[in-house]
Amino acid sequence: MLLKNLEHLEDYVSGTKGDETFIRLSSNENNYGPSPKVVETIKKISSLTYRYPNSSYNELKETLANLNGVTKNNIILGNGSDEIFFYLFMMYLDENSSILTIEKTFTYYRILANILGAKVIEAKREENFSISCENIINSLNSSVKIVIFPSPDNPTGVITKRECIEKILISIPKETIFILDEAYFHFVPQELYWNSVDLLKKYDNFIITRTFSKFYALAGIRLGYGICSEKISKLYEKIRMPFNISLVSTEAGKAAISDNEYYSTILKRILEDKKILIKELKNLGIEVLEESYGNFVFIKAPEELGNKLFEKKIIIRDLKSFNYEPGYFRITIGKTEENKALIKAMKEV
Ligand code: PMP
């Protein structure tokens, strides 16, 4: 077997337990669901699913390139952004190399690195959970071939400033890639948003990844994309599976991008409801991290909260698998009535 120690690998713990009778606030999905245009498109395309997709994926790539002011040769596609990480990790890691990430973040980076036998270096956060570019830079060594972390971060929601990202880019060797995981970037308020795509002009070892799973409410479709230099996308095209994106995903993705009106209405509602939820949680005496910019909140509460809510058919995400101490939870902003049900249940428990 080429890959070793597989039986000792940690399993990925997902937040997707419970069935449709539960209110699921544990996976940062967009509970409003996809736009009606997407649903219509999927229905239409269903009779054509006997065909393979066009393996160049040029149309979807063009659409994403236009959306981001780049060319289609700067776009890479994955069956979820998870698959993009997988391919990039395969491309850049071996048993003598490491990834550099931050402590207590999205767990799949470390799981993937472990699958490939690479080491994982985790830079410490600041006391307030924010990401320290100094700690990241100080943790660099010659084995680091990939630097990766999310902004907004999962599970804290903290965001990282442009200056910090650029300092890291300046500090790493050209052969090391820096993947900025922007799964939640749509939820960052306008006044704090900065466009990371600009940095691609200066750094061809920089890669931004995004997903249709959160804002576009298409987690079940599995579609993610990356924006990177042509040099990296050419290599990526060599190793990806010929048909890694389904026909349904390509069409659903294009339809989602075309319905700005639907998604901006939903976004407004989620961000307004988030403010209300934070206020209500604080009224209940729960510690809430306010500098947090995803479609979720990061809280510290009595340890038994998760189980008590589960009994009431509401699922939130316990962060023990992210290496947080007991009592830390992440709660997705659901539909207005779901958030109300959550607060009602929290008052009862
Ligand atoms: N990055 C982060 C930070 C995430 O939280 C998630 C999903 N929970 C992903 C990537 C993976 O998303 P996808 O559904 O696109 O694989």
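Read the numbers this way: they start at 1 and go in the same order the structure lists the ligands and their atoms. Predicted, not measured: the structure shown is a model, and the values here were computed from it.
In this structure, atom 2 (C) of ligand 1 lies nearest to the protein heavy atom Asp181 OD2, 3.3 Å. The protein non-hydrogen atom at the shortest distance from atom 16 (O) of ligand 1 is Arg222 NH2, 2.8 Å. Here the protein heavy atom with the shortest distance to atom 12 (O) of ligand 1 is Ser81 OG, 3.3 Å. For atom 9 (C) of ligand 1, the closest non-hydrogen atom on the protein side is Phe106 CZ, 3.5 Å. In terms of protein heavy-atom proximity, atom 11 (C) of ligand 1 is closest to Asp82 OD1, 3.2 Å. Protein heavy atom closest to atom 14 (O) of ligand 1, with residue, atom name and distance, is Ser213 OG, 2.6 Å.
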Test Phe178 against Asn205 for side-chain contact (heavy atoms from CB on, under 4.5 Å), laying out the working first. CA-CA 6 Å; Phe178 177 4; Asn205 51 349; 6.0 Å; no
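Near Tyr184, meaning under 4.0 Å from one of its heavy atoms, ligand 1 places the atoms 3 (C), 4 (C), 5 (O), 8 (N). Every atom of ligand 1 with a heavy atom of Asn154 under 4.0 Å away is listed here by number and element: 3 (C), 4 (C), 5 (O). Interface atoms of ligand 1 facing Thr211, defined by a heavy-atom separation under 4.0 Å, are 13 (P), 14 (O), 15 (O). Below 4.0 Å from some heavy atom of Ala183 lie the following atoms of ligand 1, by number and element: 1 (N), 2 (C).
For the 3.5 Å distance criterion, the side chains of Asn31 and Glu338 qualify, holding a donor opposite an acceptor. In the model, Thr209 has no side-chain atom that pairs as donor or acceptor with a side-chain atom of Glu182 under 3.5 Å. Side chains of Asn68 and Tyr225: a donor on one and an acceptor on the other come within 3.5 Å. A donor atom on one side chain and an acceptor atom on the other are not found under 3.5 Å apart for Asn339 and Thr336.
Put simply, the side chain of Tyr293 does not reach to within 4.5 Å of the side chain of Tyr184, judged on heavy atoms. Side-chain contact between Glu59 and Thr250 is absent, with no heavy-atom pair separated by less than 4.5 Å.
Take Lys167 and apply the salt bridge (charged side-chain N to carboxylate O under 4.0 Å, His left out) test, not counting sequence neighbours, and it matches Glu134.
Taking distance alone, with nitrogen or oxygen atoms compared against 3.5 Å, Ser27 stays at or beyond that limit from ligand 1. Backbone and side-chain nitrogen or oxygen atoms of Lys214 are examined, and one is located within less than 3.5 angstrom of a nitrogen or oxygen of ligand 1.
Residue contacts with ligand 1 leave out Tyr108, since none of its heavy atoms falls under 4.0 Å from the ligand.
With hydrogens and angles disregarded, no donor-acceptor distance shorter than 3.5 Å links the side chain of Glu175 to the backbone of Lys145.
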